[in-house]
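One-based numbering along the sequence shown.
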Amino acid sequence: MQDKPLTWDYPAPFTQEFSVQAEHIDFIGHVNNAVYVSWCQQAGWEHSLSLGLGFTEYQALDAAMIIRRANYDYILSAYAGEECVMGTWLTANDHKLTMERCFQLLRKSDGKTLLRGHWQLVSIRMSNGKPRRMPVEFDERYGAAVIDPAA
């Protein structure tokens, strides 16, 4: 079967593909909501790595971007054997303390949106967990990836 073209909420997402495995299925028979959240986490981290900001850089800078608030809209279910693709974008950066990230999960076979997510992120000092102004490296690398969701 030919996969449908994927229609993204915003242009040029960073994408990561996921295959629904038996261990992703809950007692209702579909992918458990916590799996979708885990996939968001994986896609967000892979995007960060692609921008040159991984754990090593976080340690060296004594800084990290952490989730302050997360919202998920579970739209449709996924089932064993299905192929999905997660798109993610950085959609805001105040160049001081906070950023925002959005997610969209699509089923490849029919192009349907299964989930939309939104995170509010805050910069912290890793050594004490307290908020701190984001390092220049964060502002430059993450900031360069921010899209204008209104465009």
Side-chain angles (χ1 to χ4, degrees), residues 1-59 61 63-124 134-151:
M1 175 194 323
Q2 176 87 16
D3 290 340
K4 291 263 184 165
L6 302 178
T7 303
W8 296 106
D9 290 342
Y10 308 115
F14 176 87
T15 61
Q16 186 169 14
E17 295 190 8
F18 295 95
S19 297
V20 179
Q21 306 297 315
E23 62 266 19
H24 299 140
I25 304 302
D26 63 17
F27 70 95
I28 296 173
H30 64 215
V31 172
N32 186 281
N33 292 356
V35 173
Y36 284 170
V37 172
S38 172
W39 290 352
C40 288
Q41 181 71 33
Q42 290 176 52
W45 187 242
E46 288 299 321
H47 187 211
S48 185
L49 290 171
S50 78
L51 298 172
L53 292 168
F55 185 66
T56 301
E57 291 76 18
Y58 276 27
Q59 283 186 305
L61 296 167
M65 295 303 298
I66 64 166
I67 302 167
R68 173 193 286 168
R69 178 173 292 133
N71 295 305
Y72 301 99
D73 293 320
Y74 300 96
I75 300 164
L76 293 171
S77 297
Y79 300 93
E82 293 185 329
E83 299 292 322
C84 301
V85 60
M86 180 75 72
T88 186
W89 306 262
L90 291 170
T91 55
N93 179 352
D94 73 359
H95 308 284
K96 296 175 190 157
L97 191 66
T98 65
M99 292 190 316
E100 293 183 13
R101 178 180 288 283
C102 288
F103 298 93
Q104 183 183 8
L105 180 66
L106 300 175
R107 184 172 32 230
K108 289 176 72 174
S109 64
D110 62 7
K112 300 260 184 192
T113 296
L114 308 180
L115 168 125
R116 285 189 176 89
H118 177 256
W119 288 354
Q120 292 178 350
L121 302 156
V122 64
S123 177
I124 63 154
M134 77 177 67
V136 171
E137 294 85 348
F138 281 19
D139 191 34
E140 288 175 352
R141 293 181 193 177
Y142 288 132
V146 173
I147 61 132
D148 178 1

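- What you find for Ile25 and Ala78 is that their closest heavy atoms are CD1-O, 4.5 Å.
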**Request:** Output, in order, the C-alpha distance, side-chain angles, deciding distance and verdict of side-chain contact (heavy atoms from CB on, under 4.5 Å) for Glu82 and Val31.
**Result:** CA-CA 10 Å; Glu82 293 185 329; Val31 172; over 6 Å; no

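- A donor-acceptor pair is defined here as one N or O able to donate and one able to accept, closer than 3.5 Å; such a pair exists between the side chain of Asp26 and the backbone of Gly29.
- Here the straight-line distance linking atom CG of Leu49 with atom OG1 of Thr56 works out to 9.5 Å at 0.5 Å rounding.
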**Request:** May I have the step-by-step check of side-chain hydrogen bond (donor to acceptor under 3.5 Å, both in side chains) for Ser50 and Glu46, ending in yes or no?
**Result:** CA-CA 6 Å; Ser50 78; Glu46 288 299 321; over 6 Å; no

**Request:** Any chance you could lay out the side-chain contact (heavy atoms from CB on, under 4.5 Å) test for Ile147 and Leu90, step after step, and finish with the verdict?
**Result:** CA-CA 6 Å; Ile147 61 132; Leu90 291 170; over 6 Å; no

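- A donor-acceptor pair under 3.5 Å links the side-chain atoms of Arg107 to the main chain of Ser77, judged by distance alone.
- Remark: Arg141 does not engage Glu57 in a salt bridge, criterion side-chain N to carboxylate O under 4.0 Å.
- Taking all atoms of both residues into account, the shortest heavy-atom contact from Leu106 to Gly111 is CD2-O, 3.8 Å.
- Applying the side-chain hydrogen bond (donor to acceptor under 3.5 Å, both in side chains) criterion to Ser19, with sequence neighbours excluded, gives Glu83.
- Using cut-offs of 30° and 60° on the angle between ring planes, the pair Tyr58 and Phe138 is tilted.
- Contact annotation: the side chain of Val20 never approaches that of Tyr79 to less than 4.5 Å [non-hydrogen atoms, C-beta and beyond].
- Between Ile66 and Val122 there is a side-chain heavy-atom pair separated by less than 4.5 Å.
- In this structure, the side chains of Phe103 and Pro13 stay at 4.5 Å or more apart for every pair of heavy atoms.
- Residues Cys84 and Leu114 meet the side-chain proximity criterion, which asks for heavy atoms closer than 4.5 Å.
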**Trp8 vs Val85, side-chain contact (heavy atoms from CB on, under 4.5 Å): CA-CA, chis, key distance, verdict** = CA-CA 11 Å; Trp8 296 106; Val85 60; 3.9 Å; yes

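- Separation of atoms NZ (Lys112) and CG (Leu105) is listed at 14.5 Å; rounding is to 0.5 Å.
- Within the 4.5 Å cutoff, the side chain of Ile67 has heavy atoms near those of the Leu121 side chain.
- Side-chain contact check for Met65 versus Leu53: every heavy-atom pair is 4.5 Å or farther apart.
- Between the Thr88 side chain and the Phe14 main chain, no donor and acceptor come within less than 3.5 Å of each other.
- Listed for the Asp139 side chain is no donor-acceptor partner under 3.5 Å among the backbone atoms of Gly143.
- Exactly one residue among Trp39, Phe18, Tyr36 makes a side chain to side chain contact (heavy atoms under 4.5 Å, CB included) with His24. That residue is Trp39.
- Within the model, atoms CG of Asn93 and OG1 of Thr98 stand 7.5 Å from one another, a figure rounded to the nearest 0.5 Å.
- The distance from atom NZ of Lys96 to atom OG of Ser123, rounded to the nearest 0.5 Å, is 13.5 Å.
- In terms of modelled atom types and a separation under 3.5 Å, the side chain of Glu140 and the main chain of Glu137 share no donor-acceptor contact.
- Looking at Trp89, its side chain never comes within 3.5 Å of a backbone N or O of Gln104 through a donor-acceptor pair.
- In terms of modelled atom types and a separation under 3.5 Å, the side chain of Asp73 and the main chain of Ile75 share no donor-acceptor contact.
- Expressed to the nearest 0.5 Å, how far CG of Asp9 lies from OG1 of Thr113 amounts to 6.0 Å.
- Each of Gln16, Gln42, Arg101 was evaluated against His47; a single residue qualifies, Arg101, per the side-chain hydrogen bond (donor to acceptor under 3.5 Å, both in side chains) test.
- A distance of 8.0 Å separates CG of Asp110 from CG of Leu76, quoted to the nearest 0.5 Å.
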**Prompt:** Under the side-chain contact (heavy atoms from CB on, under 4.5 Å) criterion, do Met86 and Cys40 qualify, and how do the steps go?
**Reply:** CA-CA 7 Å; Met86 180 75 72; Cys40 288; 3.7 Å; yes

